[in-house]
Colleague: 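Next up is a structure, given as structure tokens.
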2 protein chains.
Amino acid sequence: MKERQERILGEIVSLYLETGQPVGSRLLAERCGLGLSPASIRNVMAELERQGYLHSPHTSAGRVPTDSGLRYFVDALMVVDADMRRAVERILARDLSDETSKRALLRRASDELARLTHCAGVVWVQEPHFSKVRRLELLPLSASKVLAVIVGEGNQVQNRLLDRPEHVTDAQLERISRRLNALLCDCSLAEVRRRLRAEILSDRLRVRRLLEGLKRWSEAPTEEDDHLLVSGQRQLFERPELAMIETVRSLMAAFEEKEQLLELVRQVERHDNGVKVFIGSEHALVNMEQVSVVLSRYEGPERVCGTLGVIGPRRMHYARVLPIVDCTARMVSRMLGGKID
Amino acid sequence: MKERQERILGEIVSLYLETGQPVGSRLLAERCGLGLSPASIRNVMAELERQGYLHSPHTSAGRVPTDSGLRYFVDALMVVDADMRRAVERILARDLSDETSKRALLRRASDELARLTHCAGVVWVQEPHFSKVRRLELLPLSASKVLAVIVGEGNQVQNRLLDRPEHVTDAQLERISRRLNALLCDCSLAEVRRRLRAEILSDRLRVRRLLEGLKRWSEAPTEEDDHLLVSGQRQLFERPELAMIETVRSLMAAFEEKEQLLELVRQVERHDNGVKVFIGSEHALVNMEQVSVVLSRYEGPERVCGTLGVIGPRRMHYARVLPIVDCTARMVSRMLGGKID
DNA sequence: ATTGGCACTCGTTTGTCACAAGTGCCAAAA
DNA sequence: TTTTGGCACTTGTGACAAACGAGTGCCAAT
């Protein structure tokens, strides 16, 4: 693309992002540094429209950038503010550091994303699924209850409260615990299920109900946890271009069903170094052509990882939002190191 | 109130709940069983308006019930369908029974409330706060990590991953664990903090960092968990009378900040036997005069309890919604018995 | 006490008109 | 060859008026 065109496209996008109004040739002639007349600008605009970067809502309105236009802007024309990065880093270092658990940290990150960008913040937690049992312990709690503590690879911990078999002393329970630990240690979940079934059949340990409780756990080990944290949805509806009931419905549907969002979020892979942007119809979310999504990958130790970012209006301050999302992802990755769960 | 008036008020409310439109005297004369002319009906309506049960949007519209009108209807005129109750009970018995954890059960209850009533379902979990340590166990996991399992009154379980002190064998750890268990058992959290501080100062156990980890836990023991589960918000925006951007904003604000909702939900006490209804301006939610809230209390064993119900349009099918909420609360209470976690 | 009739009110819809904003194109200028 | 001024044309917007419909209040008659 010629430099003149780039210059004008950039100016149109900037103005549009700022005002939300279609931009006309007269206004542009005044603001665009180049000393060109409206008529010349019109020629360039017509050409840009032919190439698909601009679009006229109707004859007597100005031009609005298309998704391609915004894409070109984000990829090639936009300048991110370097001071911005540092400021965001400072804020996040302050606000995220005192959260102690992984869960709280991520929730807070989501809140910060929403606060800083005035969009909805999303954090997807890719829970490492419980694949192997590394440790199993039975703790007698009372006359009727036993607590099973099960530790997986990567130190995931799961608790199950089981009925205590009758007439079994603490010492006996401890022996059973040791036995089970030996039996199930370093087994995959499938193997755990198999061995428990065998054990239940043979019934050597005389604790059938307890084993059945464990088996039930092994069949559905992961708590149906909310893996997608969303903050600040309401800010979306403040934006006039999203404040239509139709859009609101689509957004709420996306947030509640989560399927579509998860699909999108999973597209952001490790090797996408840095931030990935989906502008308007570039993502597959239905009825959300007015929405953009900015995502980045984060990774902590012990296979803890996921994707975070924001969902906002297509008319979004990309030069601000991109570094914020990028920074947050890096910061979260760094901070996950010391967090427990 | 005279029977004639009640009859007509009931008919107006029913029609209004059905259609959402102001109801006029002609339509009412046709539908109302009594063989009265529109003019007579108008007299009664004028009287009901004077008493505050009805309201005219403007001169040439029909009448719409006020909050008091709906209140009178709910308290005195409405007939709940008995078959309804049984049907709901059957559905819930089927759909809720296979959830295994408390968390999953409550989430599912919220979903069911939303599905059955076409409103937003809410479940508030009044987490019994971790007040006393009943059991503490340290499990060596690897060369560098120790898992602390802390059990409270009412069998709440908390896990903390701590750094393992160096040069401490498993056997030594077990001794330490036993010692700590003896030291902290049956202590309130404040007491736990005090004793840990003393222990850290004296440093008899030579495991300062481990104790500090525990102390940090005791200072912020409860995971900042989402205590308010909300489902099916989007259904609210399908209702035409809530499908205005202003209402949407208020609703989203209420759902996100939760403060207002929690305040409301806390008003429903045990002794309110059955369901409590807040119609329009009866609740203090700002900008939500078009919204009603129906809540009921549930209680499980071991101090597990809370409030559940629905948030929906003021124009809600109360005769359907009330029994649904009531049933759900009872069913959840009953089912919490066997659930773990 | 009830009812038919009638004047009155008020929101909604439809149509017309003028206006503003911005374009495309062409011929003249640089 | 590129740029520019001018002009005709298109189209959304807002204001205003008229017609319409739904429903009320009131009064006199039953």
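Just so it is clear, the values below take in all heavy atoms, side chains as well, and ignore hydrogens, waters and symmetry mates. Each chain gets a letter, A, B and so on, in the order its sequence line appears, and its residues count up from 1.
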Colleague: Between C1' on D:dT2 and CG on A:L36, what's the gap in Å once rounded to a whole number?
Modeller: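 Computing the A:L36:CG to D:dT2:C1' distance gives 11 Å.
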
Colleague: Does the distance from a Lys or Arg side-chain N to an Asp or Glu carboxylate O, for B:R71 and B:D75, drop under 4.0 Å?
Modeller: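 A salt bridge links B:R71 with B:D75.
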
Colleague: Please report, rounded to the nearest Å, how far the P atom of C:dG4 is from the CG atom of B:N43.
Modeller: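 To the nearest whole Å, that distance equals 13 Å.
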
Colleague: Any carboxylate oxygen within less than 4.0 angstrom of a Lys/Arg side-chain nitrogen, looking at B:R63 and B:E49?
Modeller: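 Salt bridge between B:R63 and B:E49, a charged N being under 4.0 Å from a carboxylate O: yes.
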
Colleague: Whole Å only: how far is the CG atom of B:L28 from the P atom of D:dA22?
Modeller: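 It is 17 Å, rounded to the nearest whole Å.
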
Colleague: State plainly whether the residues B:E18 and B:R315 are in salt-bridge range, i.e. N to O under 4.0 Å.
Modeller: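 Salt bridge absent between B:E18 and B:R315.
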
Colleague: Check nucleotides 6-9 of chain D against the protein and report each pair of N or O atoms closer than 3.5 Å, with its distance, or say if there are none.
Modeller:
unit_1: D:dG6; atom_1: O6; unit_2: A:R42; atom_2: NH2; d: 3.2

Colleague: Give a yes or no on whether a salt bridge exists between A:E257 and B:R234, defined as a side-chain N under 4.0 angstrom from a carboxylate O.
Modeller: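 Counted as a salt bridge, because a side-chain N and a carboxylate O are separated by less than 4.0 Å.
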
Colleague: Using atom CE of A:M45 as one end and atom P of C:dG24 as the other, report the distance to the nearest whole Å.
Modeller: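 A:M45 atom CE is separated from C:dG24 atom P by 8 Å.
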
Colleague: Where the side chain of B:R63 is concerned, which of D:dG5, D:dG25, C:dT9 is the nearest nucleotide?
Modeller: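 The nucleotide sitting nearest to the side chain is D:dG25.
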
Colleague: Let me know the distance between CZ of A:R4 and P of D:dT2, rounded to the nearest Å.
Modeller: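 Nearest whole value for this atom pair: 10 Å.
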
Colleague: Whole angstroms only, please: what is the OH-C1' distance between A:Y16 and C:dG22?
Modeller: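 Result: 18 Å.
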
Colleague: Which residues, if any, of residues 6-14 of chain B bring a heavy atom under 4.0 Å of DNA chain D?
Modeller: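 Heavy-atom contacts with DNA chain D come from no residue of residues 6-14 of chain B; none.
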
Colleague: With a 6.0 Å cut-off on the ring centroids, do B:Y318 and B:F73 count as close?
Modeller: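 No, the ring of B:Y318 stays outside the 6.0 Å limit from the ring of B:F73, centre to centre.
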
Colleague: Atom CD1 in B:I245, atom CZ in B:F237: separation rounded to 0.5 Å?
Modeller: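 So the CD1 of B:I245 and the CZ of B:F237 are separated by 8.5 Å.
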
Colleague: Provide, to the nearest angstrom, the distance between the NZ atom belonging to B:K2 and the P atom belonging to C:dA1.
Modeller: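 It works out to 9 Å between those atoms.
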
Colleague: Would you indicate what A:S25 reaches in the nucleic acid, counting non-hydrogen atoms under 4.0 angstrom: base, sugar-phosphate, or nothing?
Modeller: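 A:S25: backbone/sugar contact only, no base atoms under 4.0 Å.
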
Colleague: Run through B:V310, B:I311, B:V294 and flag the one making a side chain to side chain contact (heavy atoms under 4.5 Å, CB included) with B:C119.
Modeller: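 Per the side chain to side chain contact (heavy atoms under 4.5 Å, CB included) rule, the option paired with B:C119 is B:V310, out of B:V310, B:I311, B:V294.
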
Colleague: Closest to the B:H58 side chain: C:dC10, C:dT2, D:dG25?
Modeller: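 Taking heavy atoms from C-beta onward, the closest nucleotide is C:dC10.
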
Colleague: Considering just the side-chain nitrogens and oxygens of B:S40, establish if one lies under 4.0 Å of OP1 or OP2 belonging to C:dT3.
Modeller: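 Indeed, a polar side-chain atom of B:S40 lies that close.
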
Colleague: Do B:D111 and B:R115 sit within salt-bridge range, that is, some charged N less than 4.0 Å from a carboxylate O?
Modeller: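 No.
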
Colleague: Using a cut-off of strictly less than 4.0 Å, decide whether B:S60 has a side-chain nitrogen or oxygen near OP1 or OP2 of C:dT9.
Modeller: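 The answer is no; no side-chain N or O of B:S60 sits under 4.0 Å from OP1 or OP2.
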
Colleague: Quick check on C:dG22: is either OP1 or OP2 less than 4.0 Å from any side-chain nitrogen or oxygen of A:R26?
Modeller: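 Affirmative; the distance criterion is met.
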
Colleague: Using a strict cut-off of less than 4.0 Å between a Lys/Arg side-chain nitrogen and an Asp/Glu carboxylate oxygen, indicate whether B:R249 and B:E246 qualify as a salt bridge.
Modeller: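 Salt bridge present between B:R249 and B:E246.
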
Colleague: Just how far, in rounded Å, is P of C:dA21 from CG of A:L27?
Modeller: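 After rounding, the gap between these two atoms is 12 Å.
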
